[in-house]
Amino acid sequence: MNIQQKVSQTLKKIKLNKKARIIVALSGGKDSTVTAYLLKKLDYNIEGLHINLGIGKYSEKCLKAVQKLCDDLKIKLHVHNIKKEMGSSMCYLRSAIQSKQKTGMLKNCAICGVIKKWIMNREARKLKADRIATGHNLDDEAQTYLMNVFKGSPELSANSGPITRNIPDKKFVPRIKPLFYVAEDDIREYSKKKKFPVVYESCPCALGSYRIEVRKFLNTISKKEKRNIIRNFEKVFSKFKKDESKGINYCEICGEPARNKICKMCLLMKTR
Ligand code: SF4
Ligand SMILES: [Zn+2]
C-alpha cells in the first residue's frame with residue numbers, strides 16, 4: 001500500500017467528513033507538508049496554520065517553506081507570530097522558564113510542545129475549525145508510546161491514536177494524525193521525490209530530550225517492529241481506564257480546556 005492509500009484508509013477509519021473544516025498545523029517540515037498535500041489531494045477542506053517561533057534563521061526558512069507550500073496548494077495560510085503575540089520568541093520564553101525552575105529542569109521540546117498545543121487549539125477554535133491535523137507519523141507515535149512505557153505509565157497514551165480520544169468539549173478542537181500509520185523514512189522519501197518546499201534540517205533547539213534518546217533506539221529496529229509497537233498499543237489501549245468522572249475543566253487563568261484547575265501553559269508562564 002502506498003502513502004496515499006494508507007492515509008486515505010486512516011481518514012476513512014476516523015470517519016473524517018469531506019466538509020469538515022480542517023486546520024493543518026504546518027511547521028515547514030516534511031511531515032506536516034505531506035499531511036497538507038495529501039489532505040488537499042484527497043479533496044478535504046483545509047487551511048494552514050503556522051506558528052512562527054522566532055528561532056532565528058531556522059524559523060525564517062520554515063515560514064518561507066510554508067508560504068510556498070500554501071501558494072502551491074492554493075490554500076489559505078494563517079501565521080501566528082509568538083514574538084508579536086506573547087512579546088518574546090520561543091528561545092527567550094523557554095530560557096526564562098528554565099532559569100526559574102528549582103527541580104528537574106524541563107527540556108526545550110517539552111516547553112515548546114505545551115506552548116504550541118495551547119496556541120494551536122485556541123487559534124483553530126477562533127478559526128471555527130472542526131479538526132486540527134498534525135504531521136505525527138508512525139515513528140513519533142512509537143516513540144511516545146515507548147516513552148510512556150519506560151516511564152511506567154503507558155496509560156498516558158490513552159488519548160492518542162489517529163484521532164484524539166478526549167471527552168468532546170466545545171472549547172477543544174479534536175486533533176487528527178493522517179500519517180499515524182506511515183513510517184518516517186517513507187515520508188522523507190515521498191517528500192524528496194515530490195520536491196516539496198521543506199526544511200530538512202533539525203530544529204536547533206531540539207537538544208537533550210528523552211525523545212531523542214528513544215528515537216536513537218527506534219532507529220536501530222525495523223519498520224515492521226515499529227508497526228508492531230503501534231499494534232501492541234492499539235491492542236492494549238482499550239484497557240486503559242480513563243478517568244472521565246472529572247470531565248474537562250477550564251483553566252482558572254486563561255479559560256482554555258485543562259485537566260486540572262490551571263492548564264500546563266499557565267503553570268509554565270507562572271514560573272517565568
Ligand atoms: S524541535 Fe522541539 S524546540 Fe524545536 S520546534 Fe520542535 S518542539 Fe519546539
Ligand atoms: Zn491556562
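In this chain, residues are counted from 1 in sequence order.
Of the possible polar contacts, none joining the N260 side chain to the I262 backbone as a donor-acceptor pair under 3.5 Å is found. S8 places no side-chain N or O within donor-acceptor distance of the main-chain N or O of Q4, the cut-off being under 3.5 Å. Side-chain N or O atoms of N148 include none that pairs as donor or acceptor with a backbone N or O of Y145 at under 3.5 Å. With R211 contributing its side chain and A206 its backbone, the two residues share no donor-acceptor pair below 3.5 Å. Using a distance-only test at 3.5 Å, with no hydrogens or angles considered, no donor-acceptor pair links the side chain of T134 to the main chain of A25. Judged purely by atom type and a 3.5 angstrom limit, N137 has no side-chain atom pairing as donor or acceptor with the backbone of A183. Side chain of Q98 to main chain of L106: a donor-acceptor pair is present (N/O by atom type, distance under 3.5 Å, no hydrogens or angles).
Side-chain atoms of L69 and V66, non-hydrogen and from C-beta on, never get closer than 4.5 Å to each other. I115 places none of its side-chain heavy atoms less than 4.5 Å from the side chain of I51. Counting heavy atoms from C-beta on, the side chains of L16 and P178 never come closer than 4.5 Å. Considering only heavy atoms from C-beta on, P197 comes within 4.5 Å of D72 through its side chain. Looking at heavy atoms from C-beta onward, S27 lies out of side-chain contact with K116 at the 4.5 angstrom threshold. Inter-residue side-chain proximity for F180 and K13 is flagged as unmet; no heavy-atom pair is nearer than 4.5 Å. Two residues are said to be in side-chain contact when any heavy atoms from C-beta on lie closer than 4.5 Å; R175 and H136 fail this criterion. The shortest side-chain heavy-atom distance between P257 and N121 falls under the 4.5 Å cut-off.
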(Q) Checking E184 against R188 for the salt bridge (charged side-chain N to carboxylate O under 4.0 Å, His left out) test, could you report, in this order, the C-alpha distance in whole Å, the side-chain angles of both residues, the deciding distance, and whether it holds? (A) CA-CA 6 Å; E184 183 166 21; R188 188 180 295 104; 3.8 Å; yes
(Q) Applying side-chain contact (heavy atoms from CB on, under 4.5 Å) to I119 and M86, what does each step give before you reach the verdict? (A) CA-CA 11 Å; I119 294 173; M86 301 176 71; 4.2 Å; yes
Q. Hey, mind stepping through M1 and Q9 against side-chain contact (heavy atoms from CB on, under 4.5 Å) and telling me if it holds?
A. CA-CA 10 Å; M1 210 187 280; Q9 199 182 54; 3.4 Å; yes
Q) Run the side-chain contact (heavy atoms from CB on, under 4.5 Å) check on K19 and N45 step by step: do they pass? A) CA-CA 6 Å; K19 286 191 186 134; N45 171 18; 6.0 Å; no
Q.
Using the rule given for side-chain contact (heavy atoms from CB on, under 4.5 Å), can you reason through Y58 versus L53, listing the C-alpha separation, both sets of side-chain angles and the distance that settles it, and then say yes or no?
A. CA-CA 9 Å; Y58 175 75; L53 300 170; over 6 Å; no
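Under 4.0 Å is where a charged nitrogen must lie from a carboxylate oxygen, and between R231 and E234 no such pair does. A salt bridge links K226 to D139: at least one charged side-chain nitrogen sits closer than 4.0 Å to a carboxylate oxygen. Between E256 and R125 a salt bridge is recorded (basic side-chain N to carboxylate O distance below 4.0 Å). A salt bridge links K223 with D186; the closest basic N to acidic carboxylate O contact falls under 4.0 Å. The pair K68-D71 does not meet the salt-bridge criterion, since no charged nitrogen lies less than 4.0 angstrom from a carboxylate oxygen. Between K193 and E189, none of the side-chain N atoms (NZ, or NE/NH1/NH2) sits under 4.0 Å from a carboxylate O, so this pair counts as no salt bridge.
Between S99 and A96 the shortest heavy-atom distance is OG-O, 3.0 Å. Of all heavy-atom pairs spanning S160 and S157, the tightest one is OG-O, 2.8 Å. Of all the heavy atoms in K261 and N249, the pair that sits closest is N-ND2, 4.4 Å. The heavy-atom pair separating L39 from A133 by the smallest distance is CD1-CB, 3.8 Å. In plain terms, the two heavy atoms of G135 and L179 that are nearest each other are O-CD1, 3.9 Å. For the pair L127 and H78, the tightest heavy-atom approach, listed with the atom from each and the gap, is CD2-CE1, 3.4 Å.
Hydrophobic clustering places I111 together with M120 (ILVMFWY residues linked when any side-chain heavy atoms are closer than 4.5 Å, directly or through intermediates). Under the 4.5 Å side-chain contact rule for hydrophobic residues, V199 and F196 do not share a cluster. Linking Ile, Leu, Val, Met, Phe, Trp and Tyr whenever their side-chain heavy atoms come within less than 4.5 Å leaves I75 and V173 in two separate clusters. Residues I230 and V236 are members of one and the same hydrophobic cluster, defined by side-chain heavy-atom contacts under 4.5 angstrom among Ile, Leu, Val, Met, Phe, Trp and Tyr. When the side chains of ILVMFWY residues are joined at heavy-atom separations under 4.5 Å, either directly or via intervening members, V7 and I132 end up in two distinct hydrophobic clusters.
If you take NZ on K151 and CG on L156, they are separated by 6.0 Å, rounding to the nearest 0.5 Å. If you take CG on N17 and CD1 on I22, they are separated by 8.5 Å, rounding to the nearest 0.5 Å. Within the model, atoms CH2 of W118 and CG of L268 stand 11.5 Å from one another, a figure rounded to the nearest 0.5 Å. Distance check: L77 CG to L26 CG gives 7.0 Å after rounding to the nearest 0.5 Å. S89 OG to I55 CD1: the interatomic distance, rounded to the nearest 0.5 Å, is 8.0 Å. The CG atom of L63 sits 8.5 Å away from atom CD of E60, with the distance rounded to the nearest 0.5 Å.
By the neighbour-count criterion of 12 heavy atoms within 6.0 Å, atom NZ of K126 is densely surrounded, having more than that number from other residues, nucleotides or ligands. More than 12 heavy atoms of other residues, nucleotides or ligands shown are found within 6.0 angstrom of NZ on K171. Residue-environment remark: NZ (K18) exceeds the threshold of 12 foreign heavy atoms within 6.0 Å.
Using a 3.5 Å distance cut-off with no hydrogens or angles, the side chains of E85 and H80 do not pair a donor with an acceptor. Remark: the Y200 side chain and the S191 side chain contain an N/O donor-acceptor pair separated by less than 3.5 Å. Neither side chain, S222 nor R227, offers a donor N or O lying under 3.5 Å from an acceptor on the other.
Among S32, C62, S59, the single residue meeting the side chain to side chain contact (heavy atoms under 4.5 Å, CB included) criterion with H50 is C62.
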